[in-house]
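Note that ligands are numbered from 1 as they come in the structure, with each ligand's atoms numbered from 1 the same way.
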Amino acid sequence: MIFDVLTIFPEMFCGPLENSIIKKAREKGLLRVNLIDIRDYSRDKHRSVDDTPYGGGGGMVMNPQPIVEAVEKRLQLYEGDVPVILMCPQGRRFNQDVARELAQHKQIILICGHYEGIDERVREIVATDEISIGDYVLTGGELPAMVIIDAVARFIPGVLGDPEGAEKDSYAQGLLEHPQYTRPRNYRGKEVPEVLLSGHHENISTWRRREALLRTLVRRDEMLSDADLTTEDRRFLKCLKDRLSELGVD
Ligand code: 4FD
């Protein structure tokens with residue numbers, strides 16, 4: 001999978017791309033990230049890419065020309081349906097389903113904006129989608145672009161060690177993860193749950209499923225309405241809710 005990232009700060013991507021699983025994915029040839037410096041598409045000698053807003057007010061707005069021409073140049077290299085995604089706080093909210101959907105594409109172009117924003121005509125002319133990673137404003141679209149590359153890369157077959165990869169996460173089924181433990185068995189007086197030491201695989205997977213359901217109910221109960229639940233899951237949740245209401249928890 002190939003990401004083309006249009007940015008005025010290509011160096012910002014070094015840390016995330018040169019470490020851990022993303023670095024390995026690149027070395028294995030499963031992931032490629034082309035960093036495109038928007039300034040290379042500026043037409044003036046100062047390589048400027050922004051200007052003051054029409055109508056006045058403070059700050060700077062990114063000019064359409066360098067961004068639009070950079071996108072068009074990259075699109076010439078590819079065929080088929082290549083999403084051109086603008087990272088911005090007004091976009092559709094990014095989540096695990098959007099990550100899975102984006103992972104179906106061979107190429108994706110990400111545009112990182114800066115300053116007070118981007119000239120509206122970039123949206124009209126080249127963007128096919130706008131994505132927000134959450135309801136907060138950042139100084140630029142670079143961190144959101146890195147979040148998207150990371151979350152999407154986990155869905156590329158072979159990127160995670162496990163052959164089932166990201167689809168086996170309980171998150172993929174719309175639940176929070178169950179608790180995990182490793183050595184030692186007793187740490188500062190706290191024991192690892194007995195069932196995990198039992199070697200009884202069926203009991204272990206029942207325990208994990210129930211812990212994931214409990215955690216999701218307590219921390220993110222709205223997620224349960226979209227989750228992939230079995231009849232047994234629903235029976236267990238009913239039992240949990242009855243016990244919580246007896247305790248006066250709502
Ligand atoms: N929540 C996000 C994305 C970008 C960003 C920018 C218009 C601001 C937050 C275009 C306004 C880009 C997000 C850069 N902040 N800042 O995903």
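Annotation for Leu6 and Ala70: closest pair CD2-CB, 3.6 Å, computed over non-hydrogen atoms. When every heavy atom of Ile131 is checked against every heavy atom of Ile148, the shortest pair comes out as CG2-CD1, 3.6 Å. Shown here for Gly59 and Pro53, the closest heavy-atom pair between the two residues is O-CD, 3.3 Å.
Glu72 and Gln76 are not linked by any side-chain donor-acceptor pair at a separation below 3.5 angstrom, with hydrogens and angles left out of the test. A donor-acceptor contact closer than 3.5 angstrom is absent between the side chains of Gln107 and Arg32.
Ring planes of Tyr181 and Trp207: tilted class, angle from 30 to 60°.
Near ligand 1, Met87, Cys88, Pro89, Gly113, Gly117, Ser132, Ile133, Gly134, Tyr136, Val137, Leu138, Gly140, Gly141, Pro144 each place a heavy atom less than 4.0 angstrom from the ligand.
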